[in-house]
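For reference, the structure discussed in these notes is given below.
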Amino acid sequence: MIDPKLIRHDAKIVLDNLSKRKNDFKLDDYLSAEEAARKIQTEVENLRSTKNKLTKTIGSSKLDEKAKEKIVDEVHEINESLKDAEAKLEGLSVEVKNLSLLLPNILHESVPDGNDEKDNVKIRQWGEIREFSFEPKDHTQLGEDSGWIDFQSASKISGSRFAVIIDRYAQLHRSLIHFMLDIQTNVNGYTEYYVPSIIRSECLEGTGQLPKFAEDQYKIENEENLYLIPTAEVPLTNLVRESIIETNQLPIKMVAHTPCYRQEAGSYGQDTRGMIRQHQFEKVELVHIVKPEESYQALEELTENAESILVKLGLPYRVMLLCSSDTGFAAAKTYDIEVWLPSQNKYREISSCSNCESFQARRMKARFKDLKTNQNEYVHTLNGSGLAVGRTFIAVLENYQNEDGTITIPEVLRPYMGGIEII
RNA sequence: GGAGAGGUGGCAGAGCGGUCGAAUGCGGCGGUCUUGAAAACCGUUGAUGGUUAAUAGCUAUCCGGGGGUUCGAAUCCCUCCCUCUCCGCCA
């Protein structure tokens with residue numbers, strides 16, 4: 001949600017932003033509803049004010065019966081008008097609220113204008129792309145040859161876009177999770193959280209997945225209000241919802257490993273083969289809750305924290321600054337980290353690090369007391385994968401494969417694999 | 001799943017039809033004292049929206065959510081949600 005006052009007073013900023021994002025939100029509808037709502041609100045308030053004054057005279061003074069009756073009659077009349085006005089106000093408020101939930105965040109000035117992912121800007125890259133002396137296989141082939149990724153069984157028990165990972169591959173997959181959590185907590189200074197992966201709809205609204213992206217969420221049947229999390233960003237960020245945080249508690253840096261569930265509606269035909277795009281995958285997620293003036297520094301830090309995993313694993317990657325149309329709904333600025341996949345001969349997204357500024361905080365009512373102004377202000381929230389485990393797993397398999405189909409375990413993972421060097 | 005208790009300001013906790021946005025304590029902030037700090041003492045301190053240049057005034061709303069009764073509801077009624085305790089079941 002963006003500041004209603006900004007929309008009202010600087011509609012041009014919002015319009016420009018919508019056009020940069022190639023978003024077809026009807027700002028005029030919003031503006032006229034909002035104006036009408038404020039107008040009727042004044043009306044309602046005046047009626048209530050008069051009523052309150054009258055009502056107070058009844059209890060406190062020694063009016064005779066007749067005078068009392070007269071006032072009661074008057075109040076009855078006011079109540080009639082109020083009923084109408086309040087109903088109108090309620091209708092308009094709901095309309096305004098619903099529309100405002102569909103407005104995307106304002107982009108940061110440093111975000112380049114662009115039409116699609118081709119306009120994303122490379123910020124930096126790291127690592128040497130390995131020259132293979134043989135034709136590298138993709139992870140699906142490696143999994144098939146070793147027998148340690150079983151898509152057929154997954155399909156039997158769950159359907160498409162699921163995988164069963166077996167034996168050494170399962171260990172490798174688990175080791176990655178453990179490794180990432182250790183680095184983020186012990187080296188990068190995050191506090192580890194274990195959180196529910198079933199959450200209330202308010203949380204999804206808070207972080208921006210609802211109402212706009214409802215079709216991508218898994219809803220729990222027979223439960224009015226519960227969903228599977230699409231990312232740990234949702235439970236972690238919502239930990240501060242509806243609260244006023246002590247200034248000295250900031251910044252908060254959280255990390256959690258969770259499964260993530262996504263319907264992947266609208267991505268039919270994309271990445272259908274293999275483990276790139278699954279309905280269920282593991283992710284280690286980083287979330288920062290910070291003061292506004294620190295959020296862009298925090299974005300750099302968070303991105304580097306995510307990168308540090310790839311550096312330690314020795315996986316080549318590049319960091320891309322997303323252009324205007326590619327930046328997510330809730331984000332003001334996003335860096336994607338893309339890892340090299342030899343089988344596809346290109347970089348693929350493995351982490352997305354975003355500064356949402358106050359967009360989520362406003363939806364969640366997450367504030368802190370600014371000691372300088374003694375005012376409550378919205379915090380800034382950031383999130384990023386540190387990293388997507390399934391995709392990291394794929395990257396390790398493909399980049400560390402040997403000609404005979406075995407995988408050399410990256411050195412940093414060996415302690416987690418009981419010292420095994422090759423699987 | 002069954003039985004009971006309860007949800008009030010940052011926290012704890014009173015209020016149980018009008019004078020209550022709400023006692024009191026803690027915490028926070030400001031001050032006195034002090035070389036400094038602590039203690040003590042004094043003062044101050046809820047949120048959100050509208051109006052506004054205003055973080056000034058004025059105003060409305062908020063005592064878990066929604067609905068109802070009433071001239072008037074934190075207080076009475078209905079309903080939903082949540083938390084806690086005990087029993088049952090269970091990894």
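Order of the sequence lines sets the chain letters (A, B, ...), proteins ahead of strands, with each chain counted from 1.
Remark: R8(A) is not in phosphate contact with rG49(B), judged by side-chain N or O atoms under 4.0 Å from OP1 or OP2. Taking 4.0 angstrom as the limit, R367(A) places a side-chain polar atom (N or O) nearer than this to OP1 or OP2 of rU48(B). Side-chain N/O atoms of K53(A) include none lying less than 4.0 angstrom from OP1 or OP2 on rC71(B). Phosphate proximity of rU59(B) to S49(A): absent, as no side-chain N or O sits under 4.0 Å from OP1 or OP2.
Nearest to the side chain of R200(A), among rA60(B), rC81(B), rG50(B), sits rC81(B). Nearest to the side chain of V72(A), among rU48(B), rG50(B), rC71(B), sits rC71(B). Side chain of E45(A), nearest nucleotide from rU48(B), rG49(B), rC82(B): rG49(B). Closest to the side chain of R48(A), out of rG50(B), rA60(B), rG18(B), is rA60(B). Closest to the side chain of K56(A), from the set rU19(B), rC71(B), rA60(B), is rU19(B). The T55(A) side chain lies nearest to rG18(B) when the options are rG50(B), rC82(B), rG18(B). Here rA47(B) is the nucleotide among rC71(B), rA47(B), rA60(B) with the atom lying nearest to any side-chain atom of I244(A). The side chain of N52(A) lies closest to rU61(B) when the candidates are rG50(B), rU61(B), rA47(B).
rA73(B) and rU8(B) are spaced 14 Å apart, taking the C1' atom of each and rounding to whole Å. Using P as the reference atom, rG57(B) and rU45(B) are 11 Å apart when rounded to the nearest Å. A distance of about 23 Å separates the P atoms of rC11(B) and rC16(B), rounded to the whole Å. Rounded to whole Å, the P atom of rU83(B) lies 23 Å from the corresponding atom of rU75(B). When the P atom is compared between rC86(B) and rC80(B), the two are found 26 Å apart, to the nearest whole Å. If you take atom C1' in rA22(B) and the same atom in rG13(B), they sit 12 Å apart, rounded to whole Å. For the C1' atom pair drawn from rA47(B) and rG9(B), the interatomic distance equals 9 Å after rounding to whole Å. Comparing rC77(B) with rG7(B), their P atoms are spaced 14 Å from each other, to the whole Å.
One atom, CG of L82(A), and another, P of rC71(B), lie 15 Å apart when rounded to the nearest Å. Rounded to whole Å, atom P of rU45(B) lies 15 Å from atom CG of N376(A). When the P atom of rG50(B) is taken as reference, atom CZ of R38(A) falls 8 Å away, rounded to whole Å. At whole-Å resolution of the value, CG in L89(A) and C1' in rU59(B) are 15 Å apart. Atom CZ in R363(A) sits about 19 Å away from atom P in rU48(B), given to the nearest Å. Rounded to a whole Å, the CD atom of E90(A) is 13 Å from the C1' atom of rG65(B). Nucleotide rU61(B) holds its C1' atom 13 Å from the NZ atom of K365(A), rounded to whole Å. The CG-C1' distance, from L226(A) to rC81(B), rounds to 12 Å in whole Å.
Side-chain atoms of R168(A) and Q171(A) include a donor-acceptor pair closer than 3.5 Å. Side-chain atoms of S49(A) and K53(A) include a donor-acceptor pair closer than 3.5 Å. Side-chain polar atoms of E398(A) and H139(A) form a donor-acceptor pair below 3.5 angstrom. For the 3.5 Å distance criterion, the side chains of T231(A) and K283(A) qualify, holding a donor opposite an acceptor. Between the side chains of E338(A) and Y317(A), no donor-acceptor pair of N or O atoms lies under 3.5 Å. A donor-acceptor contact under 3.5 angstrom links the side chains of S110(A) and K333(A), judged on distance only.
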Report the C-alpha distance between D336(A) and S352(A) in whole Å, list the side-chain angles of each, state the deciding distance to 0.1 Å, and finish with yes or no for side chain to side chain donor-acceptor pair (under 3.5 Å).
CA-CA 4 Å; D336(A) 268 7; S352(A) 195; 2.8 Å; yes
Any chance you could encode RNA chain B as dot-bracket? Rule is Watson-Crick or G-U wobble with both distances under 3.5 Å; [ ] for pairs crossing earlier ones, | for another strand.
((((((((.[[[..)..(.....]]]((((((.......))))))((((((.....)))))).[[[[[..)....]]]]])))))))....
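No contact: N225(A) has no heavy atom under 4.0 Å from any strand. Within the nucleic acid shown, N46(A) has no heavy atom closer than 4.0 Å to any nucleic acid atom. Nucleic acid contact for D73(A): none, since no nucleic acid atom lies under 4.0 Å from a heavy atom of the residue. K51(A) comes within 4.0 angstrom of the backbone, heavy atoms only, and of no base.
Taking the six-membered ring where the residue is Trp, the centroids of F162(A) and F151(A) are separated by 6.0 Å or more.
Side-chain atoms of Q217(A) come within 3.5 Å of backbone N or O of F213(A) as a donor-acceptor pair. Using a distance-only test at 3.5 Å, with no hydrogens or angles considered, no donor-acceptor pair links the side chain of R348(A) to the main chain of L341(A).
Mapping R362(A) and V75(A) onto RNA chain B by nearest heavy atom places R362(A) at the nucleotide closer to the 5' end. Taking for each of Y378(A) and T50(A) the nucleotide of RNA chain B with the nearest heavy atom, the 5'-most of the two is the partner of Y378(A).
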